[in-house]
Each structure stands twice: as C-alpha cells, then as structure tokens.
Amino acid sequence: MATDDSARTSHDSLGFAHPDDESYAELAVDLRSSVRGDVRFDEYAQVLYATDGSIYQARPAGVVEPRDAADVQAAVRTAADHGVPVLPRGAGTSLAGQGVGKGCVVLDCSVHMDAVLEVDPHAQTARVQPGVVQDDLDAVLEPHGLQFAPDPASSARATVGGGIGNNSTGAHSVRYGITDAYVRSVDVVLGDGLEATFGDVVLDSREWDELLARDDRVADLHRTVRTVVEEHQSEIEARYPELKRCVSGYNLHKVVREEDGERVMNLAKLVVGSEGTLGVVTAAELDLVTRPESTALAVFAYDDLVDALAAVPDALSHDASAVELVDDRVVAMARDAPEYSEYAEPFPTDAAAFLLVEFDSELHDDFVAAIDEVTDTLQREGAATEHLEAFDPADQADLWKLRKAAIPLLMSMDGDPKPYPFIEDATVPPERLASYVTEFEAVLDRHGTSAAYFAHAGVGTLHIRPILNLKTEDGVETMHAIAEDVTDLVLEYDGAFSGEHGDGLARTEFTPKLYGPDLWNAFKRVKTAFDPAWQLHPGNVVYRDSPADNGPPNGRGVGADMREHLRYGAEYSAVEPQTALDFDDDGGFAHLVELCNGCGTCRQTGQDTMCPTYRASREEIQSTRGRANLLRAAISGELDDEELYSDRFQSEVLDLCVGCKGCASDCPTGVDLAKLKAELKHQHHERDGASLRERLFRDIDRWASVGSTLAPLSNWATKLPGSRAVGERLLGVAAERDLPTFERESLVDWFDARGPGVPPDADRRVVLFPDTYTNYTEPAVGRAAVRVLEAAGVHVAVPDDLGPSGRPAYSLGFLDEARERAAATVSTLEPLVADGWAVAFVEPSDASMLRDEYADLLPDSTGRATVADASYGVCEYLDRNRLVEELPTDAPDDRLVYHGHCNQKALGTDHHAVGVLRRAGYAVEPLDSGCCGMAGSFGYEAEHHELSRAIGRILFEQVDAAAGRPVAPGASCRTQLGDRPDAERPQHPIEAVADALDDE
C-alpha cells in the first residue's frame, strides 16, 4: 500500500519550473520548510484538487501530501498562521462536494498515510492511518476472518479516513449499520494544530473528574459537548430521525450512550461524519466484524418500480443482510458499456426494477431454503415476476459489480443533461419508500424531468438522480427548486436529507430545515468549540448566517448556497476543437473529456487495467481523472488558451499516459484518454513539429527492416561500448534498456521460401499479419502461429505487400501517417476479406488498430468495417472457431501464468488465449493485471524509464506470487518481463500451443 517513491515524477524532475500561485507564495514557502511531504501550490495542483466525485468545483490554495501526523500538525499550524483554511481529503470520491474547498490547503492523506498500523484479531480491532483504501484494509484483515463492516460502492479506491469524514456505509448497512458504530477512537489535529485523542470516557466517574481537572482544550471540549447535549436532549430526541442512516449535521445523538448502566461519552463519534470540520484524523482505532464464510444472492424482477419498493419490508422480514435496488435505466446503460455488458446479461430485459436480496452464513444455515422462502413471499405471493439465484461467489460478484457501477454508469449518459447527485441519498423509513417515491415522482413531473433509481432500499436510502442540464441557468434553478421540494417531502416522511453521502456543498444549506433553530445553533457552538477560528473546511455541515453570527471575526464560513461553486453552470463553456480523429460517436471532443465525473475508479490499484501510471506513482496527475480534469480546464478557459500545447502539458499530462486504453473499458463513463492523447499530440506536432526520437519510433517498421537486412551487424552495433550512452544522449533512448535484436530472415522471407502447408481449397483461409515485431525481431512467434493454424487445417498466407498497421504512428500522435497506413492496410486486405479470408494478428496492439482506432481514422471508409469484422487475434480466431479441440496436443506439465495485453482487455478479447491454452492441456492462471509499463516506445524513453520499471514491478510481483511460467501475447509485455533479473523472455501463448502439438 505504500507509495513507490521511485516512480514519482515530483514534477520538477521533468525540468520545468512550476511557479506557485502568487497569492499563496509565502504560505507555500513556509509549508515546504515545515513539512516533509510534498507541497504543491502551482496551477496544475489547484486544478487537480478543485473537483471530486460531485457536481462542484472550487480551486484550493494548494496541496500538501503529509507523511505522518507531525506533518499534518505542522501544515495545520502553518496554514493557521497565514489565515488559510484546511481541508483533509481522502480519494476525492465524495458526492456532495466535501472533497473541495475554495482557497483551502488540501491535505491529501491518501499518498503516504495509508498504513494498517496494527491488527488485534482477538479484540477484533485495527488501528489505521486515514489514507488506507478500504479494500486494502479488508485484504489485510481477510486472513483473520475479519472485515471493516461499512462497504461503500467505492471501496476499491475510497479511503477509511474519507469514510470517517462522511460517516459512510454501503449495501450491508441493513446488517451492520454505518461507520460511526465502528470507530472506537481517533487521533486528530484540531484547527490550531493541537493534537488530541478522542475515545470512550465514562461520565460521572473518577475518569471524568480527572479529565475535567485538566486545564486544556480537550477537557474544555468534553465539558462543552456534554453541556450542549444535555441542554438540547429533548430537541435531539425529537429532531433526529429514527433511521439506520442519518449523516446530516453532527452526531449529537450518538456522542453519549448508555453502556452497562453507565453513560459513556466519545467525541470520536462526533468527529465521524463531521467532514473534516472539527479535526483532521491522523489515525483511527476501528472495531471489526467477522467475515461471513459464504453468502447467497437472489435478484427479483418487477414490472413496476413502486411494486419493487413496496416489497422491501417483506424482503427484510427474512433476515437479509442486504436489500438493494436498481432500475431498468441502470441495467440498460450497463448493457451498452463495454466494461459492464457481461454483468447485465442475466438481468431480464423487460423488467422495470430489480431487488437484490443477499443472505449470509452467519444468519442462515440453508441458503436454498432462505431463497425459497423469500421467493415465496416476493414472487409466488407478491409482485415479482421472476428471479435469479447466485450461490457461487464469482456469480454474486458479477451481479454486485453492476450494482456498484450504477453511479458512474449514469453519468455516462449522452448529451449535457445528466442524472446529477444533489438530493440523491435522502432517506426515509423503508416501509414508506413506495409512497415516498410516488410523491417524489410528482415533484419531478412538476419540474419537467425524470430520474434514475438505485441503491440501498433496505434502509430507505434510495439514490434518486434527477436528470438536468446544469450548463443552463434554468437547469441550475430547477435543481435548487427540486432540492427545496424534496427536503420538504423528506421531513414529511420523518426522513433525513442524507443517509450516506453527507452534507458538503450540496446539502449544508438545508441542514437548519432538518434540525430546527435550536440544534442549528448547537451545531455552530460545537464547531466553534472545536475550531474557534473556523479554520477547518468552513461552510460545510454548518455555516454562519452572517459575519456577526457565532464564529470568528474573519468572516469565514458565512452562508451556504448549493448553486455556488458548480463544476458546470450557466457560464460554463468549452472549446470544441477541429480534430483529425472522428469524435462523433463520443459526442465531440469536449463531451468525451467532460464524461469524467470524478468517481475515481482510475485510482483503484488492486484490479482491472486502469490506470497503470497512477498505480505506480500514486499521483493524482497520473490518474485518468487527473488528466481529464486538466484537459477540461484547458478547453474551458480555466487554464491559458495555449496551455494545451505547452511543453509542461505535453510532458506531464499527455506523455505520461501510456496509451494502454484501459480507461476506454474500465472507466464506467468511457473516458478514452488514449484517443484524446493521440489527437492532442497530433495537434502539437502540427504546431511545433516533432522530435527526432518521435519520428524514429513512428517509422520503426522501416528501421526494423534495415536492422533485419544488416543483421547480425546491426545487433553488434548496439552492443559496442558506449553505444547506449550515445543513444540516450542523442535520441533520449534509455541506456538501461536492451534494444531489440533483429533476425536476418524475417517472417515474410521465411514464409516466401517455405510456402503454405495447407492447400488453398481448405475450409478456412487466414492472412497472418506480419507486424513489425513478429516480422523482424521475433519471427519464431509467427512461425509458431503458422504451425498451429495449419495443424488446425487452416490455409495460411503471409503477404509481402502489407505495410505496418500504423500503431506506432497513432500512439505517438502522427495521425496523418497513421491514416495513410490504415488506408493502405484496408486497401490490401479488403479484397481478400471479400473473397472469404480472415485476418489473424500475433500482436494485440495491431489487432486493436484495425478493430478500434481505424474507425476514428477512416470513418467514411466502406471497407474498414468489413476488414475489422474479419480481424482477430490469433488465439481469438482459434477459440471462436473451436479449432483447438480438434488439434492433437500433448501439453507439457507446465503451470502457465497468463498476462493479457491491455488493448485486448479494452476490446473484451483477453479471455480467448486462456481458453485456447487450457484446451491445449495447460493449467493456466490468468492474472488480474494492469499494464506491463513498457507500452511500445514508452519504456524505451529515457525520461520515462523509471516510471516504466515501477509499473512493471507491480506486474512482476503478481507473476512471482502466481508461481508459474509466464506467457504474454504482447511483444512489449514480453520485453518488460524478460528484463527482470535472471528471467527468461516469456513465450507468446501461441508458442506454448505450438509446443503442445503432437503432430510430429
């Protein structure tokens, strides 16, 4: 979980001066002298941290990445000395705007303060730093049979500290409740830099008397909070709704509790849900729960949304551990999303809503009986039309993955109107959900819009997102009017304005309405006691009604209006540039950029492909979200008009994207940074030209042909003493990298001399594409492909008139050259495909070019789609046509570890090689791995070499842990894996299949 500091660019290492914002220059200097962590007050840092997962945007003063509690304390004190507020931030996934603050010093605790400090399995507790990602914590706890109970949908990237700030929870709050129930104690830094620890204190005991005898802030805080709670006890009992979830305001109703006949106060319960306004958490002691050994899941389909909601109390009566809802809109969008389409397949297409009902082994001994009983209630006696059952953990995970993706999926909706979060986690008693939604829909009708529905029906928290265009004044005003109406409606239903995502900029305005004037003043009194200068995240949870109101004389934290600080608003506009690529299917260049909603999926580090550079460096600028935010700032005027073309933007934002295409599939909204990068690099070349190295790699096919012709002399030349140092000095090619070696006999030459081994009248005919690597440096892989295809009865041709696919030119932004090469390739292949030939590729990135990028390069080509439809990876071709089953194979007794290529994963074709290898007789473990870090020319570039290695080390650890012989279809991947100390270059999967052939 710790950051690999060797992978961090630290920005200045790239050779560019990053001037601090002049308004905060002295503060930045003082912070750098007082903290060990990085301090960033330049414009890029401000843009990167101006947004979170919400609809809001507010530029901070700058960012500090504290390394420990001492750094936090120093940063808070220094900011206080300069009169600048402080905002602690986790992963920036907040949905109500808690992760942003105008003019604040942001403390990003996710970079360094991410350790699990201690686990006590016997006491079922853990002590953690705030930046630990929840899934990482649970991975540490799993061997002990324990888990942290709150499970937000964003658990793969959300931090525990952020969860404490928001009082988060998730699908299993029916069973476990919310975060405040599991925070035993917290270490905090208060607004003036004072460190304190808050935990259980028994009231009216010697412990309490000893505490009050102290003359310090901690004693004063306990005294003040007790007085506030006792003075307002009747209002607390009357105003706080009786719900499993209520995360608006401060937890005055939970700070004092009865336990074993004694009254216990714990100010940690008050810090939970305070959104960083009372103290900065530097460590927390958590209570844990046992992890159920197994679960079962049933999904019930309904023809009507209200019928599904009306069934929630009946589902709860069966001791369910989760009762979740998704509507047809969410499922329909999942069907159209490459990353989620397979998970939507089991859901019936004609249903209006679905209830997901889970049972766990701690409550049920017989899952079959439990599901049969709930089916009796919901389907045989109720309105459910049909149901699905899932007992296998993998099947359940697939169903849950769709549910967890609901929020980012909805934000991928085409056009400017989006289902925005602003009242989307209002909570009412579950038994009143059906009638509440009926009245909610009437509110939407009055305002001329509709909404999507999903989430935690079992606890009455239904995420309802009205569809609005916030780029218009009418849209913004309609949002506010809906919020007014819905908060009134929630009060009528004895509900809470927020059951999960907190107040933030979205709901703080309405908190006085929920709690009334007495408790509202009590909240402000608590805020002032903890933070007399209103130094910590002012304006969230509570605000001052006027400068003279209860608070400091600096005017900080006055007023709240949900219409302020919007990411989009009536004044927002973005430039739609003229592009060389076709962006029509993306809604335009600007729309593709704006699809990033800040959900932070690109920050998850334990699964899928996206985002490899962030995984290695843990820097926000190297995440897909970070790049998209800077792109949006550049096209919307937040940054200077020329910033897109500056050396800094090119080097820090674009060049550090490896073009893996993981975001095209893993990003739930489909922000394709590889495509955006290619377009912008093209525009940069058009304006400012290209470097010698870029042109060299662009034309690598030509130079590889020369290298092959001159081999072995060309190979000796690269091994001469000093040759690598010269290559790095003149071309910027990393001296540490072994350059490819060339074969004198290319694949094309070999096949020309050999000829086909299967007659042309065979049932299947395949053109094997001679990509640059396979043709000139690794023809053995091509020969293996020919051998396997022919063993399957396929007539193979390897044409000598096929040029390069254009992949290097495209990746480097030479789009005119890429288009020329694409057109030539299509022109050559189209008549062959029309005559019944298929096209097979050894190299996945070339297959991806024909099937994906050619559509953007040649949108009007009539033959392009025809060729694309007939193009396959070589293992994909074998698998789709079930050809391996007929092959005579006798596989070696090897265990293979399969690392798939990023481009294959983006296209959903990664699984074919695994199937082929298994049918050939191998035991295969497919890795859930990201990019290898080589990424074509990226790993050869001197300034990117260390980052490339750092990305590679993540893969190396996975390969080593799997304990098998690695295979990988990508030439770059094999290069990276082969560069490990004492490691052999892995085989291509097709070579392993060839080794398994028993055809001698």
Side-chain angles (χ1 to χ4, degrees), residues 336-339 341-342 579-586 592 659-662 664-665 670 672 674-675 678-679 701 764-772 774 785 789 794 796-799 801-811 815-881 900-913 936 969-970:
D336 294 334
E339 171 73 353
S341 58
E342 64 180 291
T579 60
L581 294 175
D582 180 26
F583 284 86
D584 287 349
D585 288 344
D586 304 299
L592 182 57
C660 69
K661 293 175 63 69
S665 58
D672 188 345
K675 180 176 179 179
E679 177 63 46
D701 190 80
R764 300 183 185 278
R765 293 178 295 166
V766 165
V767 172
L768 186 66
F769 192 93
D771 66 87
T772 300
T774 306
L789 288 167
V794 178
V796 179
V798 184
D801 59 346
L802 270 172
S805 70
R807 164 58 69 189
Y810 179 91
S811 298
L815 298 184
D816 292 339
E817 290 83 354
R819 183 177 295 103
E820 290 175 6
R821 292 165 191 179
T825 300
V826 169
S827 177
T828 303
L829 291 176
E830 183 181 8
L832 293 170
V833 170
D835 194 35
W837 290 75
V839 186
F841 294 82
V842 170
E843 177 56 42
S845 61
D846 288 278
S848 170
M849 276 296 290
L850 269 77
R851 293 172 63 166
D852 191 8
E853 283 84 359
Y854 276 18
D856 300 321
L857 288 166
L858 305 171
D860 300 323
S861 169
T862 56
R864 190 242 351 131
T866 302
V867 173
D869 290 343
S871 297
Y872 307 88
V874 64
C875 288
E876 179 189 4
Y877 179 81
L878 293 167
D879 194 36
R880 287 189 184 276
N881 292 293
H901 193 280
C902 300
N903 291 173
Q904 286 180 320
K905 293 177 182 179
L907 295 178
T909 60
D910 184 46
H911 61 286
H912 292 293

May I ask you to decide if [Y]'s main-chain N or O and [X]'s side chain share a donor-acceptor pair within less than 3.5 Å?
X: Arg764; Y: Val794; answer: no
X: Arg765; Y: Asp835; answer: yes
X: Asn903; Y: Cys660; answer: yes

Any side-chain heavy atom of [X] sitting closer than 4.5 Å to one from [Y]?
X: Val833; Y: Asp869; answer: no
X: Asp586; Y: Asp672; answer: no
X: Gln904; Y: His912; answer: no
X: Glu853; Y: Ser805; answer: no
X: Phe841; Y: Asp771; answer: no
X: Arg851; Y: Thr909; answer: yes
X: Val867; Y: Thr825; answer: no
X: Thr774; Y: Asp846; answer: no

What is the distance from atom [atom1] of [X] to atom [atom2] of [Y], rounded to the nearest 0.5 Å?
X: Arg864; Y: Thr866; atom1: CZ; atom2: OG1; value: 8.5 Å
X: Leu857; Y: Glu820; atom1: CG; atom2: CD; value: 11.0 Å
X: Glu679; Y: Tyr810; atom1: CD; atom2: OH; value: 8.5 Å
X: Ser861; Y: Arg819; atom1: OG; atom2: CZ; value: 11.5 Å

query = Does a side-chain N-to-carboxylate-O contact under 4.0 Å join Asp852 and Lys675?
reply = no

request  = Establish, from distance only, whether the side-chain atoms of Thr772 and Asp701 form a donor-acceptor pair under 3.5 Å.
outcome  = yes

request  = Any chance you could lay out the side-chain contact (heavy atoms from CB on, under 4.5 Å) test for His901 and Glu843, step after step, and finish with the verdict?
outcome  = CA-CA 9 Å; His901 193 280; Glu843 177 56 42; 3.8 Å; yes

